[in-house]
Participant: 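Sharing a structure below in structure tokens format, with a few things to ask.
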Amino acid sequence: MSLIAGSYERFIWGFKLRSLKNDQNYELTPLFSFPSHLSPIKCTAVAGSAAVSGGADDTIKIYDLSTCSEIGSLHHSATVTSLAFFTPSSFSFPRNLIAASEDGSVSIYDADPFVHLKTVKVHRKAVNSICIHPSGRLALTVGRDECMAMVNLVRGRRSFYCRLGKEASLVNFSDGGEKFFMVMDDKISVHESEDAKAILELDSKKRVLCATSGMHGILFTGGEDRSIKAWDITSGKLAYSIENAHSTRVKGIVVLHKNSDGDAEDHQHIVASASSDGVIRVWDVRMTNKDKPNPLAEVNTKSRLTCLAGSSIKSMKRPQVGNTTSNGQQLDAGEES
């Protein structure tokens, strides 16, 4: 499993989670760390050996995890606020990259190689979060204009737009795509994907800063309560939690869905989390029955982490860069932003 984390200090951090002996002992091995952006890093995404980060410097940086190197950049129209890869189920390498911006637009890129395809104006204000349906045909966004939008990725246009009445900070699909959820402060609303009907509202008591779907209807959340909570989105009940997982607020959670052989059952219990104090920890959620479970591995970056992303699929294919600005202009792959 590979993890990358971004920080306020402009640094990107890369780590490899290695199993030392019979999957009982793990360690986080450093892959790279350097100031990749000119401003704070806002978001990260990983798929296979490809990784990207977006910053307040209007730039998306691209990394090859197989060589532990930065291989290019995509120049954007505004601050990059959210990133998402689409990887077909039969692929170990992403097909598309979707990037959301502070100017309310969404840019669609081909990921093989990285080339700009289209930019769509979606919100009146900044986009807070974007997610892609497992089919790859549509994306959902939420923004500071207190609205949710649907983007048709096949036609490259906005197909739905509605007012929520309150600003949502996060949106994401469940693991199978049958449901999606939105985060509004300390509340998480769960909806049917087919008709957007609200079916549940979860109350975390304190502000939720990160959330990700696990397998078998589990939703993991983290935030200002410094804990990792696992919700059953079928019953609406709290399945289990890791209390005081960090000493400060949790800024990112990654669930290990598949190992390098594609077996989803072997390591689905492994969860990684990052906090604003710079610590990244890896947990075995089967140990939550203990009073105070110990992390399987941890590392201290000594920086103010803002986001965390990870991939557990080992890809032999290296990402290729045909760098473009947001208007589709071709750039030299070695050009600096």
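Remember, predicted model here, so these are calculated numbers, not experimental data.
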Participant: Which pairs, with at least one residue in residues 162-174 and sequence neighbours excluded, count as a salt bridge (Lys or Arg N to Asp or Glu O under 4.0 Å)?
Facilitator: Lys166-Asp185
Participant: Can a side-chain donor-acceptor contact be found between Asn244 and Arg226 if the only test is distance below 3.5 angstrom?
Facilitator: yes
Participant: Have a look at Glu9 and tell me which of Arg304, His37, Lys302 forms a side-chain hydrogen bond (donor to acceptor under 3.5 Å, both in side chains) with it.
Facilitator: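 Only match with Glu9 under side-chain hydrogen bond (donor to acceptor under 3.5 Å, both in side chains): Arg304.
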Participant: With Arg158, which residues qualify under side chain to side chain donor-acceptor pair (under 3.5 Å), at least two apart?
Facilitator: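 By the side chain to side chain donor-acceptor pair (under 3.5 Å) rule, Arg158 matches no residue at all.
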Participant: Does the side chain of Ser69 come under 3.5 Å of the side chain of Asp64 through a donor N or O and an acceptor N or O?
Facilitator: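 The answer is no; no qualifying pair exists.
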Participant: Checking Glu178 against Ser193: is there a side-chain donor and acceptor pair closer than 3.5 Å?
Facilitator: no
Participant: Any side-chain heavy atom of Val254 within less than 4.5 Å of one from Leu3?
Facilitator: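 Yes, their side chains come closer than 4.5 Å.
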Participant: Taking everything shown except Tyr240 itself, do over 12 heavy atoms lie less than 6.0 Å from its OH?
Facilitator: yes
Participant: Should side-chain heavy atoms under 4.5 Å link Ile, Leu, Val, Met, Phe, Trp and Tyr, which residues sit in the same cluster as Met148?
Facilitator: Leu138, Leu140, Val142, Met150, Phe160, Leu164, Val171, Phe173, Phe180, Met182, Met184
Participant: State which residues pass side chain to side chain donor-acceptor pair (under 3.5 Å) with Ser189; sequence neighbours excluded, sorted by chain then number.
Facilitator: His191
Participant: Please name all residues satisfying ring-ring contact (aromatic ring centres under 6.0 Å, His included) with Tyr161, sequence neighbours left out, ordered by chain then number.
Facilitator: His123
Participant: Within the 4.5 Å heavy-atom criterion, are Phe220 and Thr212 side-chain neighbours or not?
Facilitator: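 Yes, close enough: below the 4.5 Å cut-off.
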Participant: Report yes if some heavy atom in the side chain of Leu296 is under 4.5 Å from a heavy atom in the side chain of Ile270; otherwise report no.
Facilitator: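 Leu296 reaches Ile270 side chain to side chain.
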Participant: Just by distance, with hydrogens left out, do His116 and Thr119 show a side-chain donor and acceptor under 3.5 Å apart?
Facilitator: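 There is such a pair (donor and acceptor under 3.5 Å, judged by atom type) between the side chains of His116 and Thr119.
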Participant: Establish, from distance only, whether the side-chain atoms of Asp103 and Ser77 form a donor-acceptor pair under 3.5 Å.
Facilitator: yes
Participant: Parallel, tilted or perpendicular: which one describes the rings of Trp13 and Phe15, with boundaries at 30° and 60°?
Facilitator: parallel
Participant: Does a side-chain N-to-carboxylate-O contact under 4.0 Å join Arg286 and Asp284?
Facilitator: yes
Participant: State whether Arg281 and Glu298 are salt-bridged, where the test is any N-O pair (Lys NZ or Arg NE/NH1/NH2 against Asp/Glu carboxylate O) under 4.0 Å.
Facilitator: yes
Participant: Once ring-ring contact (aromatic ring centres under 6.0 Å, His included) is applied, do any residues pair with Phe86, and if so which ones, sequence neighbours excluded?
Facilitator: none
Participant: Just checking, any donor-acceptor pair under 3.5 angstrom between side chains of Ser53 and Tyr63?
Facilitator: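 Yes, because at least one side-chain N or O of Ser53 sits under 3.5 Å from a partner of the opposite role on Tyr63.
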Participant: Are side-chain heavy atoms of Arg137 and Asn152 found at a separation under 4.5 Å?
Facilitator: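 When only atoms from C-beta onward are counted, Asn152 and Arg137 do not touch, as no gap falls below 4.5 Å.
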Participant: Would you mind reporting whether Lys42 and Cys307 have side-chain heavy atoms less than 4.5 Å apart?
Facilitator: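 Not in contact.
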Participant: Assess whether a salt bridge exists between Asp110 and Arg95, defined as any Lys/Arg side-chain N lying under 4.0 Å from an Asp/Glu carboxylate O.
Facilitator: yes
